[in-house]
Amino acid sequence: MVDTSPPRSAPTLVLIDASGFIFRAYHAIPPLTTSKGVQTNAVLGFTRMVLKALRELKPTHVALAFDKESRTERQKIDPTYKANREGPPEDLVPQFALIRRVVEAINVPVLEVAGWEADDVIGTLAVKAKAEGFCVQVVTGDKDFVQIVDSDVRLYDPMKDVHTEPADVKARLGIEPGQMRDYLALIGDAVDNVPKVPGIGPKTATELIQQFGDVETLLSRLDEVKKPKIRENIASHRESLLRAKQLVTFKTDLALDVRMADLARRPLDAQRSRELFTELEFFALLKELPQQDGAAGTSEPPKEQPAPLTVTPTLVGSDAELTRLAGAAREAGAVTLIPAYEGAPFAAKLVGLGVALPDGQTAYVPLRHAQLGVTQVKPESFTAAFREVLEDAAVKKGGHDLKALSLVLANDGLTLHGAHDDVELLSYLLNPSRREHALVDLARERLYTELPPLPNAAEGKRGKKDRALADHTVEEVATGFAIRAEAARRLAPELWKELEAAKLAALARDMELPLLPLLARMERRGVLLDTAELSRTSVKVDAAVEAQVKEVYRHAGREFNIGSNPQLVEVLFTELKLPVIKRGKTGPSADQEVLEKLSEEHPLPGAIIEYRSLSKLKSTYLDTLPTLVAADGRIHTTYHQAATATGRLSSTDPNLQNIPVRTDLGREIRRAFVAAEGHQLVSADYSQVELRLLAHIANDAVLIEAFLHDEDIHTRTAAEVFGVAKEQVDREQRRVAKMVNFGIAYGLSPHGLAARLGIAQDVARDIIERYFTRYAGIKRYLEETVSVARKTGYVETLYGRRRYMADLNSKNRGVAQAAERAAINMPIQGTAADLIKKAMLAVDAALEAQKLSARMLLQVHDELLFEAPDAEVEAVKALAVKAMSSVADLKVPLKVDVGAGRSWADAH
DNA sequence: GTAAGGACGTAC
DNA sequence: GACGTACGTCCTTACC
């Protein structure tokens with residue numbers, strides 16, 4: 001991992017594992033389409049990586065190796081090799097042709113040999129080049145390539161920026177590079193159907209290799225293996241082990257008619273690259289291309305790309321430096337901040353602060369490091385020096401998860417204003433389907449930089465748990481947070497540019513960013529929990545659960561773990577021989593729907609349903625909520641503003657958006673959420689908001705008229721569907737209509753409706769058909785949404801929030817239909833999310849304007865919960881109704897129901 | 001002991 | 001498969 005530059009005299013050959021990177025890029029980058037709907041994520045990732053490898057390694061010779069009918073030769077050894085691999089995903093296939101065009105434009109020779117994988121081509125060429133005195137750099141992320149590493153052959157992973165030479169292999173894996181194939185043969189590869197020896201994992205494999213050197217020696221001296229189980233397993237898998245070694249071993253003697261001179265680096269075709277990158281909308285890459293055609297004529301390798309991200313942060317150690325830093329931020333009018341802290345932001349104290357200024361200067365402010373003998377600044381000095389800058393909205397703040405920053409700063413009495421460049425939020429708006437917007441991932445994808453792992457620093461929840469801050473040197477922490485600040489600073493303009501291009505910038509500026517500080521205040525305020533009330537319910541439920549367990553055992557005829565699905569399935573379907581209604585991936589299902597059907601035949605399923613509902617309430621709410629009460633007696637949830645594919649918020653620790661409401665027992669739990677002394681909880685919720693939005697968006701005359709007359713919407717639908725007068729609609733018809741209304745925005749199917757209503761599928765089909773006859777606008781909208789989405793590759797809300805839909809053109813009908821339903825639903829659910837976000841801002845502004853001390857506490861998708869002093873209750877009710885219902889001017893009125901009371905249950 | 005994934009159930 | 005979006009719990013499995 002030291003100096004990777006080759007000796008100057010030796011020519012360098014770079015061999016790129018093209019096929020490997022295409023798949024890696026495809027999975028690493030979210031579905032990305034051009035404005036014409038051409039998906040390009042794999043093309044972009046591939047192109048970036050190739051250009052980066054060329055830039056970093058500056059080779060004299062280069063080649064791209066592709067797989068070609070790659071399984072065939074190895075399948076002669078083992079027909080099952082990669083047999084369980086599916087072909088490439090549908091949305092990747094068309095990208096191969098684009099990649100070929102990129103390859104031609106950047107003018108890099110291609111190598112492929114029918115029947116062989118890129119691995120073998122590279123192995124062969126590496127040997128050949130080495131013999132001719134070349135230094136070889138293999139560009140790959142695949143650990144299998146370790147086997148060809150030696151003093152002249154090194155690996156480079158441009159995505160992680162990791163170089164590998166023989167000493168690194170020894171250090172990381174404890175084996176020599178040449179022993180990699182023996183190691184791989186022992187542990188096998190489930191994905192490629194390479195057989196493994198049972199009971200041998202990486203650790204045992206390493207030990208065995210260290211003891212015996214290779215697989216053949218191991219087999220010949222098997223009696224020396226100490227553990228009997230391992231010995232037996234190796235003995236009985238002798239054949240498959242040897243076969244596995246053949247499978248994982250790279251060929252190095254393919255008949256390749258290539259001379260090194262053919263691989264001499266050629267200049268890229270700048271004209272062609274420009275055209276292609278423009279077509280593919282690779283704007284960032286476009287900037288790296290030589291500006292004039294003249295440059296293409298020279299043999300110099302092209303000059304590209306920003307410098308790799310490195311920082312030399314100032315370690316702030318005195319009040320004078322603090323003042324200087326704050327002054328520089330004020331002067332510049334912008335600053336990017338990444339806080340170091342541990343635990344939940346609501347309770348955390350700021351340990352240190354990474355800072356990046358617009359001019360590229362970086363700094364780290366150490367405040368509360370546990371290490372002794374570290375020069376730090378006093379927290380009071382920090383607050384004194386930075387208060388003005390932090391609290392001045394005119395100084396634009398950048399970072400990643402500024403809500404967390406805001407919460408942590410609040411614990412030092414600071415109020416963050418001017419949140420502007422939250423790269424997590426900006427990235428989310430660009431692609432809300434993406435699982436995470438971790439800074440490490442954004443930096444890897446967009447800045448080609450691997451950030452060193454650190455705790456609680458926007459690593460994302462998938463990130464491995466790192467050590468505590470105290471286990472890092474302060475210097476590591478300083479560099480780590482400063483480079484994060486700098487990474488965020490550099491990411492922001494690029495993200496904004498893409499937001500502008502996708503017409504999403506207004507959403508960012510006017511909705512999400514203003515919402516951020518409000519969410520921080522809601523979290524910080526928390527909601528009061530009446531633990532005494534909750535524990536009364538808890539005692540009651542504990543007893544009920546206990547009694548129900550006995551009841552279940554009695555009906556089952558024996559004791560078993562009711563919570564264990566396999567055991568439950570055994571009892572129901574094997575012992576009691578009840579019919580299997582449906583199957584999941586792993587076996588018969590025993591969910592509520594199944595149990596309800598079975599309860600006609602046996603008392604046990606009913607008892608289990610009752611048990612489940614009680615134990616769910618107990619474990620999820622009654623046992624858990626009291627443990628989450630903070631020192632102030634209140635519960636502080638965390639809202640996630642960059643979590644859902646539709647634009648909704650989500651809530652965790654605890655999730656306050658799924659507190660029960662339907663059953664009596666559920667409502668008892670809501671009774672424990674209360675207002676402080678002298679206050680009441682005020683709840684305001686949108687009535688039928690999604691159906692109203694459907695009426696507006698689909699512009700359906702009947703539905704609009706119904707809402708304009710404030711009719712009972714389910715009765716009206718029943719009248720329409722069953723062709724009777726509204727007065728004639730009976731309860732059953734209304735129930736059916738309600739279900740249809742409820743399901744229609746979710747892509748309701750005859751089967752789904754039939755299952756939920758317990759009616760025949762053709763009856764359900766008939767009902768849906770009649771619905772669409774009466775509500776022709778809805779039908780038109782649903783069809784149009786899907787067909788437009790198929791063309792553009794995305795769907796959007798009334799306010800332009802976008803969701804890319806990759807699976808609509810899937811050849812798998814099930815997958816495509818699921819995507820259609822999601823596409824139908826997103827504009828409705830997403831617009832509802834937009835509306836309530838706007839409402840939150842409006843209500844908050846109104847509270848402020850009227851100088852009320854009532855505060856917003858919770859948002860539950862269509863409901864806002866406030867805590868108001870008794871004297872303000874009526875004012876808050878009126879204000880909430882007014883602000884929420886006037887937040888948009890639609891073809892139908894927005895109706896808001898409002899209530900107040902001591903507890904959340906009473907407020908409904 | 002820990003981590004990952006499935007099944008299930010709560011909300012809107 | 002079969003109606004959209006979330007999150008939390010429990011359990012099992014596979015690893016240490």
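Order of the sequence lines sets the chain letters (A, B, ...), proteins ahead of strands, with each chain counted from 1. Predicted model only: the values in this text are computed from it and were never measured.
Backbone-only engagement by Asn655(A) is indicated by non-hydrogen atom pairs under 4.0 Å involving sugar-phosphate atoms exclusively. Pro750(A) comes within contact range of no nucleotide atom at all, as no heavy-atom separation falls under 4.0 Å. Across all strands, Ala754(A) comes closer than 4.0 Å to no nucleic acid atom at all (heavy-atom distances). Using a 4.0 Å heavy-atom cutoff across all strands shown, Gln829(A) reaches at least one base atom of the nucleic acid. Nucleic acid contact class of Ile744(A) (heavy atoms, under 4.0 Å, all strands): none. Within the nucleic acid shown, Gln817(A) comes within 4.0 Å of at least one base atom, counting heavy atoms only. Within 4.0 Å of Asp653(A), counting heavy atoms only, lie sugar-phosphate atoms of the nucleic acid but no base atom. Counting non-hydrogen atoms under 4.0 angstrom, His861(A) reaches the backbone sugars and phosphates but no base. Residue contacts shown for Val661(A) are limited to sugar-phosphate atoms, with no base heavy atom under 4.0 Å away. Using a 4.0 Å heavy-atom cutoff across all strands shown, Gly743(A) reaches at least one base atom of the nucleic acid. Residue contacts shown for Ser589(A) are limited to sugar-phosphate atoms, with no base heavy atom under 4.0 Å away.
Separating the C1' atom of dA2(C) from that of dG5(B) is a span of 23 Å, rounded to the nearest Å.
In this structure, CD on Glu796(A) lies 5.0 Å from OH on Tyr794(A), to the nearest 0.5 angstrom. In this structure, CG on Leu425(A) lies 9.0 Å from CG on Asp401(A), to the nearest 0.5 angstrom. Here the OG-CZ distance, from Ser903(A) to Arg670(A), works out to 10.0 Å after rounding to the nearest 0.5 Å.
With distances taken from any side-chain atom of Asn825(A) to the nucleotides dC12(B), dT5(C), dT10(B), the minimum falls on dT5(C). Of the candidate nucleotides dT10(B), dT12(C), dG4(C), dT12(C) has the atom nearest to the side chain of Gln567(A). Here the nucleotide nearest the side chain of Asp862(A), chosen from dC12(B), dG9(B), dG4(C), is dC12(B). Considering only side-chain atoms of Asp591(A), the nucleotide from dA6(C), dC8(B), dC7(C) that sits closest is dC8(B). In the set dT10(B), dG4(C), dG9(B), dG4(C) carries the atom at the smallest distance from any side-chain atom of Arg648(A).
By the 30° and 60° cut-offs, the orientation of the rings of His437(A) relative to Tyr428(A) is perpendicular. Relative orientation of the Tyr775(A) and Tyr771(A) rings is parallel, given thresholds of 30° and 60° on the angle between their planes.
Distances shorter than 4.0 Å separate none of the side-chain N or O atoms of Arg670(A) from OP1 or OP2 on dA11(B). Side-chain nitrogen and oxygen atoms of Asn565(A) include at least one within less than 4.0 Å of the OP1 or OP2 phosphate oxygen of dC8(B). Under 4.0 angstrom from either OP1 or OP2 of dA11(B) there lies at least one side-chain N or O belonging to Arg662(A). Between dT12(C) and Ser564(A), a contact under 4.0 Å exists linking OP1 or OP2 to a side-chain N or O. A close approach under 4.0 Å does not occur between any side-chain nitrogen or oxygen of Arg612(A) and OP1 or OP2 of dC10(C). For the pair Thr624(A) and dG8(C), the criterion of a side-chain N or O lying under 4.0 Å from OP1 or OP2 is not met.
In this structure, His640(A) atom NE2 and dG8(C) atom P are separated by 7 Å, rounded to whole Å. Following rounding to the nearest Å, Leu693(A) (CG) and dG4(C) (C1') show an atom-to-atom distance of 15 Å. As a whole-Å value, the separation of Tyr746(A) OH from dA2(C) P is 16 Å. Here dA7(B) presents its C1' atom at 16 Å from CD1 of Ile562(A), a figure rounded to the nearest Å. Note: OH (Tyr428(A)) to P (dA6(C)) measures 8 Å, nearest angstrom. Between the CG atom of Leu572(A) and the C1' atom of dA7(B) there is a distance of 14 Å, rounded to whole Å. Straight-line distance from the CZ atom of Phe560(A) to the C1' atom of dC11(C): 14 Å, rounded to whole Å. Atom CG of Leu617(A) is separated from atom P of dC8(B) by 19 Å (rounded to the nearest Å).
Look at dG1(C): it lacks any Watson-Crick or wobble partner with both distances under 3.5 angstrom.
Toward the 5' end of DNA chain C, the nearer of the two residues Gly752(A) and Thr620(A), judged by each one's closest nucleotide, is Gly752(A). Position along DNA chain C of the nearest nucleotide to His751(A) versus Asn658(A) favours His751(A) as the more 5'-ward residue.
Looking at Glu533(A) and Val674(A), their side chains never come closer than 4.5 Å, going by heavy atoms from C-beta outward. Residues Leu519(A) and Met840(A) form a side-chain contact, since some pair of their non-hydrogen atoms from C-beta on lies under 4.5 Å apart.
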Derivation of the side-chain contact (heavy atoms from CB on, under 4.5 Å) call for Met856(A) and Met522(A): CA-CA 6 Å; Met856(A) 199 183 299; Met522(A) 291 165 67; 3.8 Å; yes
